[in-house]
Protein chains: 2
Amino acid sequence: MRKTSPASAIPPAPRRRAPSRRAIATSLSILDAAEELFAERGYDGASVRDIAAAAGAQIASISFHHGGKAALFEKVVERRADELSKLRLDQLAQLHQADGQQTLNDILSAFLRPYLEKIAAGDPHWIAYARLVAMVSADARWRQIAERCFDPTANIFIDEIAALFPGVEKSAVAMAFVFSVSAMLSLSTSQWRIEALSGEAPAAATMDALSDALVRYCEAGLRAALER
Amino acid sequence: MRKTSPASAIPPAPRRRAPSRRAIATSLSILDAAEELFAERGYDGASVRDIAAAAGAQIASISFHHGGKAALFEKVVERRADELSKLRLDQLAQLHQADGQQTLNDILSAFLRPYLEKIAAGDPHWIAYARLVAMVSADARWRQIAERCFDPTANIFIDEIAALFPGVEKSAVAMAFVFSVSAMLSLSTSQWRIEALSGEAPAAATMDALSDALVRYCEAGLRAALER
DNA sequence: GTCTATATGTAGATAGAC
DNA sequence: GTCTATCTACATATAGAC
């Protein structure tokens with residue numbers, strides 16, 4: 001069944017020459033600048049001009065390296081989503097290896113803590129990421145990004161939670177899960193609102209305390225919504 | 001100390017002639033069209049051209065009646081916010097009249113139910129409103145709208161809740177309150193995400209069931225986050 | 001790969017006739 | 001109050017020199 005012709009059978013590799021160090025730097029700085037400006041001003045509010053300027057690059061570089069504004073936005077979201085999904089699934093795998101019965105708190109922590117630790121470290125890239133996720137989640141125009149970047153991991157966690165509540169419909173679990181993700185995102189997207197509503201005393205709460213409160217909030221909320 | 005001249009002392013009323021019926025209709029249809037398009041595409045994504053076209057009005061009418069795009073956005077948010085705040089504060093007043101000790105569930109219901117009833121009725125204007133609130137809450141550029149339209153009522157409810165948890169810092173209550181508002185908004189803003197994550201079975205859950213689940217979720221979450 | 005120059009479209013606002 | 005016509009600015013994208 002094999003073709004007899006030697007090398008020509010395999011089409012000549014459509015692979016390009018490896019990009020130069022400088023090209024990589026340009027491409028990356030555009031990605032970083034885009035992340036910041038998209039998060040701050042939204043997709044329509046951030047122009048490729050401003051992104052290029054912030055990156056110290058040419059406008060034309062954006063189309064050249066990333067294929068246009070829309071494709072750039074997708075790459076920005078995808079880069080972070082992939083890293084975060086990996087961390088979350090790693091946590092889940094560790095739970096399974098420990099092979100005691102995992103609790104709701106374990107599963108929720110595996111999902112929430114990796115992100116909470118990122119923002120507790122104060123990394124502005126990850127604070128920006130919450131705003132991007134909120135945009136994608138609220139805008140049907142980015143449906144494909146959500147399906148590709150968020151849904152696979154979310155489904156795994158929803159199924160894990162559903163296993164703890166036999167007889168409860170998956171849609172109910174999905175709903176309570178979305179409530180929890182929304183609450184998590186609000187820590188970043190609405191930080192200024194929380195501060196504005198906190199009154200005079202700034203209350204130098206550590207991010208760790210906020211994280212713990214969020215996990216407790218979500219766990220209790222999920223139980224109340226799903227238990228009979 | 002009074003001027004002796006008769007009518008001229010009082011400056012001629014700067015009041016304009018009452019607007020015509022048609023003018024009112026134009027102004028209103030612009031407001032309605034703007035609400036829909038701002039919610040669907042965001043502030044930057046919705047152009048005044050499209051808004052005018054959707055309203056069946058002229059582009060120039062937008063500046064004439066509403067003073068420009070930014071002012072129009074504010075009016076759109078303010079109109080709904082005022083109506084909703086009134087409903088919420090009415091509910092709270094009824095609780096106080098009943099003068100039994102009000103529970104956390106009472107207070108949360110007074111805040112959440114008026115909005116949940118609006119969307120349970122399927123009114124697209126109110127579903128759109130959640131998206132607008134989410135935009136304003138996530139974007140510091142609209143800080144003034146949030147301070148004027150949302151904060152006064154939110155502060156009243158936060159204080160009511162705080163009274164049930166003596167010794168807990170107001171900032172902790174504000175945080176848990178923002179979690180709850182985020183979860184509430186996600187019912188409208190991320191409805192399509194909930195559906196996508198619910199799996200094959202569409203599960204024709206009534207909006208009333210979703211509302212009850214949300215209130216249970218928020219109440220239990222608040223308790224867990226605030227109780228010692 | 002980078003950069004200049006430009007093509008082509010659309011944005012929000014308003015002057016002035018009606 | 002409405003509507004036409006137009007102003008000015010800025011958007012994304014790309015062709016072609018380097």
Side-chain angles (χ1 to χ4, degrees), chain A residues 14-77 135 139 141-142 145, chain B residues 13-77 132 135 139 141-142 145:
Chain A
R15 174 169 13 121
R16 292 183 187 83
R17 190 204 271 108
S20 70
R21 231 178 284 276
R22 183 169 169 221
I24 292 174
T26 300
S27 174
L28 243 180
S29 67
I30 289 171
L31 215 53
D32 287 338
E35 179 169 69
E36 186 179 328
L37 288 178
F38 280 142
E40 187 182 318
R41 309 183 193 168
Y43 178 77
D44 294 297
S47 71
V48 292
R49 292 179 127 77
D50 290 345
I51 291 169
Q58 297 300 317
I59 301 177
S61 307
I62 290 183
S63 286
F64 181 83
H65 285 287
H66 301 284
K69 188 184 185 181
L72 174 61
F73 182 78
E74 293 198 30
K75 284 197 196 179
V76 164
V77 175
M135 286 173 204
D139 192 338
R141 163 204 206 177
W142 303 117
I145 299 183
Chain B
R15 176 173 6 124
R16 290 183 189 84
R17 192 204 270 107
S20 70
R21 230 177 285 275
R22 184 170 168 221
I24 293 174
T26 300
S27 174
L28 243 181
S29 67
I30 289 172
L31 214 54
D32 287 338
E35 180 170 67
E36 187 179 327
L37 288 178
F38 281 142
E40 186 181 317
R41 309 183 194 168
Y43 178 78
D44 293 297
S47 71
V48 293
R49 293 183 130 77
D50 289 345
I51 291 168
Q58 297 300 318
I59 303 176
S61 307
I62 290 182
S63 286
F64 181 83
H65 285 287
H66 300 285
K69 189 184 186 183
L72 174 60
F73 182 78
E74 294 198 29
K75 283 196 196 181
V76 164
V77 175
L132 296 174
M135 287 174 202
D139 191 338
R141 164 206 208 176
W142 303 117
I145 298 184

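All values derive from a computational prediction rather than experimental measurement.
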Does a side-chain heavy-atom distance below 4.5 Å link Leu31(A) with Leu72(A)? yes
So do the side chains of Phe64(A) and Thr26(A) get within less than 4.5 Å of each other, counting heavy atoms only? no
Can Arg41(A) and Asp44(B) be counted as an ion pair, charged N to O under 4.0 angstrom? no
Return the minimal non-hydrogen interatomic distance between Tyr43(B) and Lys69(B), and the atom names on each side. O-NZ, 2.9 Å
So if I define the base as every atom that isn't primed, P, OP1 or OP2, how would nucleotides 2-18 of chain C read as a B/S/- string at a heavy-atom cutoff under 4.0 Å? BBB------BBSB----
Looking at residues at least two apart in the chain, or sitting in another chain, which of them share a side-chain hydrogen bond (donor to acceptor under 3.5 Å, both in side chains) with Lys75(A)? His66(A)
